[in-house]
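Proteins get letters first, then strands, A, B, ... in listed order; numbering begins at 1 in each.
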Amino acid sequence: MNSRRQVIVGLALLLSGLVGAVASAQEVTSVRFYLIPRVGTGTFPDPFRPKYLREMGVTYSSMDYTDGTFLVGATLTDAQHTTLIANADVFSVPALDVAIGGNPTLNQVKTELASRTIPNDWVVATTTWRQLLGQVGRYAQILQRMFGSLGRSLFGTGNALNTTLTTQLRDDFISVGQSFGLDTGGITTAITINAALTTLATQMPSFTLSGQTF
Amino acid sequence: MALPASDTFTAANGALLSGNWSTIGGAFVHDANRIGGNDAGNSFALWSADAFNPNHAVQAKIYKGALWQIAVWLRADGSKNGYLLYVNSDTELAIYRVDAGSATQLQAASGLTVADGQTLRQEGSGSTLRMYQDAVQRGTDQTDSTYTTGAAGIFAIGAGQGKLDDFLADNLTPAVETLGYLRPNRLRPRIFAPGLAR
């Protein structure tokens, strides 16, 4: 009887150990958001893509800002996240519904956006990270449409955020805005690319990225 | 012709893809009632017998060669623009945007089991793209606003690699466009002809 009990206890302990091993093997993942630079040459073996993620073999979704940056939502373990953000060119976003807050974080955010040719003059301490990424995604959609419908890369021809709209650029922004059904009344040759992007982006509807609504 | 567009690729072995299709680059060849690439480089072909609404879906069954290297092509045009649902590997599906044939990988869904005979399906509704493996959505809703119109098509890299069968494409109905949050399989009968559902 005692030997049978010992066998049962032994099996129970073994089973318990196996369950624990499986649990630790299936590491918990969560969706996290980043701004990541583009790499690749555009071929299928080496497509344009967010840097690092393909090599990590993870699930992700991204929005192409078209000027060398991707807004990314990736499903990562804590360890993968730590590895990714160890790269200086990866900008990681904390909890989405928390306000950015004051300096030094606010200045850091503005600097990160500016370095990626993303308008930053609208960002304030009370802006949440979700609002920040939402606006970046809407900027990206405008740039995507400009490329797709007009065949033009806004920043590929010497333009900068502070460039005043030429007649051609004004017409391009109006065309893109109308394609989204937006009010383009404020798009004139008296404003900059920065202002034109923000004028249109602030009217754009929400979108989803990696299951989150922005 | 009239939508839905469908092809079971039953032409003679060795016959090049023709008829309802326009091959944009490379070549496709029939092989044992399937279709595969027949060019050392990239092959693109779009269904040219019908016009598609901006919001449409494209699907096909997949069969592996030495490698996969195949895709269905959404909002395709003659300049090699649009969106591919591409088989990256035995464990990963991906959405690529193609810009004049140049590839940008927008999304990857890893940890899957990709096998012969599975149906891959891609839908585009407004700026939202979705990929499905045997009627189950993989990855998440993908937002991209670059291309708004085009046709359904197919894509392959190299010769003698992966093959496609049971190609099927159709417009998404208004119900799907406005009620896109519904589970796709509930809408299946409204999208495709009976007998050709996923």
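Considering all non-hydrogen atoms of both residues, A/T208 and B/T143 come closest at O-OG1, 2.9 Å.
Of the atoms belonging to A/T43, it is backbone heavy atoms, and not side-chain ones, that fall under 4.5 Å from chain B. The contact between B/L84 and chain A is made entirely by side chain atoms (from C-beta outward), counting heavy-atom distances below 4.5 Å. Both the backbone and the side chain of B/S102 come within less than 4.5 Å of a heavy atom of chain A. Contact annotation for B/I157: only side-chain heavy atoms (C-beta onward) come within less than 4.5 Å of a heavy atom of chain A. Interface remark: A/S61 contributes backbone and side-chain atoms alike to the contact with chain B (heavy atom separation under 4.5 Å). Within the 4.5 angstrom heavy-atom criterion, only side-chain atoms of B/T148, from C-beta onward, approach chain A. When heavy atoms are compared at a cutoff of 4.5 Å, A/R38 does not approach chain B at all. Only the side chain of B/R97 comes within less than 4.5 Å of a heavy atom in chain A; its backbone stays farther off.
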Check the pair B/F155, A/F44 against ring pair (Phe, Tyr, Trp, His ring centres under 6.0 Å), reporting the backbone distance first and the verdict last. CA-CA 11 Å; B/F155 171 81; A/F44 279 86; 4.6 Å; yes

Are A/S62 and B/Q107 close enough, and set up right, to give a side chain to side chain contact (heavy atoms under 4.5 Å, CB included), and what steps lead you there? CA-CA 6 Å; A/S62 66; B/Q107 182 171 153; over 6 Å; no

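Contact count versus chain A (heavy atoms, under 4.5 Å) is highest, among B/T128, B/N81, B/T104, for B/T104. Considering only heavy-atom pairs separated by less than 4.5 Å from chain B, the leading option among A/R54, A/M63, A/M146 is A/R54.
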